[in-house]
Amino acid sequence: MNIGITCYPSLGGSGVVATELGKLLAERGHQVHFITSGMPFRLGSFHPNIFYHEVEVNNYNVFKYPPYDLTLANRMAQVAKNEKLDLLHVHYAVPHALCAFLAKQMVGDHLKIMTTLHGTDITVLGYDSNLRDMIRFGIERSDMVTAVSKDLIHQTHELLHVDKEIIPVYNFVDKRRYYPKDVRELKKKFAPNGEKILMHISNFRAVKRVPDIVEVFAKVREQMPSRLLLIGEGPEMGLVRQMIAEKGLTDDVCFLGKQEDVAEVLSLADVMLLPSSKESFGLVALEAMACGVPVVATVAGGLPEVVLDGETGYLYEIGDVAGMASGTVQLLQNQELYETFSRNSIHRSCETFCHDTITSQYEALYAQLLKG
Ligand code: GMT
């Protein structure tokens with residue numbers, strides 16, 4: 001198949017999933033054309049079946065805002081014609097499903113559109129009355145729609161009242177790259193006295209509730225020697241740094257900034273913390289599990305579909321920092337329990353969220369889409 005993929009190419013789970021899926025499809029012999037505003041950050045090395053078509057958005061001074069959506073739609077139509085695309089797989093309903101719809105109007109009905117919902121377009125933008133009808137339109141005009149969790153499907157129907165079947169296709173992790181690594185040497189740098197390592201990776205948006213992580217860490221540290229590794233950058237970082245300083249935690253917190261390849265650092269963690277208020281799936285939780293790291297998180301969104309409470313980690317109500325701290329300590333103080341959770345996590349990530357299985361699911365859906 002000739003497949004066009006559009007996503008936001010910068011850091012974020014949706015960009016990771018779209019890029020990794022494209023690479024896996026290319027490995028299976030499909031021609032994959034990324035149509036994006038920048039090189040997807042995990043695209044990596046050259047592959048003969050992968051092509052990159054940059055969407056160059058010019059900022060003419062007649063416009064107040066650069067016309068990204070229109071330029072993208074035009075580029076999608078160009079690539080669809082030149083490369084004889086069978087389908088466009090777009091990640092995010094707004095604006096990508098709408099751009100794909102416009103491109104389809106330009107090239108003809110044979111071009112099929114699959115839209116994958118990742119969360120923010122529904123759980124955040126869906127509340128915006130200036131956008132809601134447009135999001136619904138984008139979803140309904142897609143030929144096929146998938147979402148990364150059952151909870152997100154439920155929320156999409158509840159919030160947008162869309163008249164469209166939405167198919168669940170979970171995110172995946174590539175077990176050839178995500179597995180427990182031997183990090184004994186590296187651990188000496190971050191935890192020189194054998195401290196336990198708590199980790200958080202995100203884009204530090206308000207929905208990640210990063211201040212809760214600081215609270216949880218402060219409580220855990222009162223009970224056992226521990227260190228906190230924060231990976232990523234984002235709007236809440238200033239506040240978090242201030243909290244860490246005010247609580248006198250600076251010496252035990254390490255900021256690693258943005259990391260391109262988290263597969264290398266995940267094995268450093270003893271526990272992954274994800275106290276989000278919204279999370280349609282929680283890709284980083286899955287990546288941690290694949291590396292044998294149990295997750296302490298909230299019951300938000302699709303997280304309970306990924307993290308099994310009492311088996312691969314612990315789940316708490318949003319904001320329950322005391323619960324999250326006590327669950328973390330319980331896990332870290334009981335070696336046998338910890339090892340069981342760690343084994344369960346690896347097993348679950350390989351079984352339910354295997355990259356091969358999920359790629360086959362998408363392939364089967366593409367075939368169904370093209371048949372009619
Ligand atoms: O969580 C973010 O802020 C980034 C966002 C994105 O667009 O990449 O993540 C969303 O998509 C990921 C991949 O499907 C999911 O794992 C995240 O849970 C989801 N984020 C939210 O729902 C807040």
Side-chain angles (χ1 to χ4, degrees), residues 5-22 36-38 40-42 89-97 114-128 135 145-156 158-160 166-174 178 200-210 212-213 230-237 258 260 262 266 272-290 295 297-307 315 318 349 352-353 355 358-359 361-362:
I5 294 184
T6 292
C7 62
Y8 285 116
S10 52
L11 286 183
S14 60
V16 171
V17 168
T19 311
E20 298 291 349
L21 175 63
T36 49
S37 57
F41 80 101
R42 283 212 192 158
H89 185 172
V90 298
H91 297 260
Y92 268 79
V94 275
H96 298 155
M114 178 187 275
T115 297
T116 292
L117 307 176
H118 283 273
T120 308
D121 43 357
I122 308 302
T123 57
V124 179
L125 303 181
Y127 285 97
D128 185 340
I135 303 172
V145 181
T146 69
V148 297
S149 63
K150 292 178 184 148
D151 181 81
L152 182 56
I153 296 177
H154 176 72
Q155 289 211 48
T156 307
E158 286 271 291
L159 204 66
L160 297 173
I166 306 176
I167 302 162
V169 182
Y170 282 136
N171 288 333
F172 57 87
V173 66
D174 190 336
Y178 289 82
H200 173 75
I201 305 180
S202 77
N203 51 19
F204 288 74
R205 290 196 300 131
V207 288
K208 305 294 173 184
R209 291 185 67 101
V210 199
D212 285 4
I213 291 166
L230 295 174
I231 300 174
E233 275 293 344
E236 296 281 288
M237 197 46 120
K258 282 186 185 175
E260 285 221 344
V262 290
L266 279 166
M272 175 62 67
L273 296 174
L274 199 56
S276 312
S277 58
K278 289 179 194 287
E279 204 68 73
S280 69
F281 183 89
L283 185 65
V284 76
L286 175 60
E287 292 174 336
M289 283 162 59
V295 178
T298 49
V299 287
L303 276 172
E305 293 170 58
V306 181
V307 179
L315 297 175
I318 296 159
S349 65
T352 312
F353 304 103
H355 63 278
I358 305 290
T359 306
Q361 273 182 36
Y362 275 119

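In each ligand, atom 1 is the first atom listed, and ligand 1 is the first ligand listed.
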Student: Return the option from His91, Glu279, Gln155, Glu287 holding the heavy atom at the smallest distance from atom 17 (C) of ligand 1.
Tutor: Glu279
Student: For Tyr8 and ligand 1, answer yes if some heavy atom of the residue is under 4.0 Å from a ligand atom, otherwise no.
Tutor: no
Student: Hey, does Gly13 come in under 3.5 Å of ligand 1, counting only N/O atoms on both sides?
Tutor: yes
Student: Between the candidates Ala206, Ser280, Ser202, which shows the shortest non-hydrogen contact distance to atom 22 (O) of ligand 1?
Tutor: Ser280
Student: Looking only at distances, please establish whether an N/O atom of ligand 1 is found under 3.5 Å from an N/O atom of Gly282.
Tutor: yes
Student: So, using side chain to side chain contact (heavy atoms under 4.5 Å, CB included) as the criterion, who are the partners of Asp212 when residues are at least two apart?
Tutor: Arg209, Pro275, Val321
Student: If you measure every N/O of Thr120 against every N/O of ligand 1, is any gap under 3.5 Å?
Tutor: no
Student: Looking only at heavy atoms, which two atoms of Ser149 and Ser280 are closest? And how far apart?
Tutor: OG-O, 2.6 Å
Student: Without swapping roles, check the side chain of His118 against the backbone of Tyr92 for a donor-acceptor pair under 3.5 Å.
Tutor: no
Student: Consider every N or O of Asn203 and every N or O of ligand 1, then say whether any pair is closer than 3.5 Å.
Tutor: yes
Student: Give yes if a backbone or side-chain nitrogen or oxygen of Val148 is under 3.5 Å from a nitrogen or oxygen of ligand 1, and no if not.
Tutor: no
Student: Would a distance-only check, ignoring hydrogens and angles, find a side-chain to backbone donor-acceptor pair under 3.5 Å from Glu305 to Lys150?
Tutor: yes
Student: Would Gly15 count as being in polar contact with ligand 1, using the rule that some N or O on each side must be under 3.5 angstrom apart?
Tutor: no
Student: Please confirm whether the ring centroid of Phe281 lies under 6.0 Å from the ring centroid of Phe353.
Tutor: yes
Student: Identify the heavy atoms of Leu152 and Leu117 that sit nearest to each other, and give their distance.
Tutor: CD2-O, 3.4 Å
Student: For ligand 1, is there an atom lying under 4.0 Å from some heavy atom of Lys208?
Tutor: yes
Student: Report yes if Lys278 has an N/O atom closer than 3.5 Å to an N/O atom of ligand 1; otherwise report no.
Tutor: no
Student: With a 3.5 Å distance limit and no angle check, can you tell me whether Ser349 reaches the backbone of Leu286 through a side-chain donor-acceptor pair?
Tutor: no
Student: Where do Ala18 and Ile5 come nearest, in terms of heavy atoms and distance?
Tutor: O-CD1, 3.9 Å
Student: Are the side chains of Ile201 and Glu287 in contact, using a 4.5 Å heavy-atom criterion?
Tutor: no
Student: Are any of the heavy atoms in Gly301 under 4.0 Å away from ligand 1?
Tutor: no
Student: Between Asn171 and ligand 1, find which residue part has any heavy-atom pair under 4.0 Å and reply side chain, backbone, both or neither.
Tutor: side chain
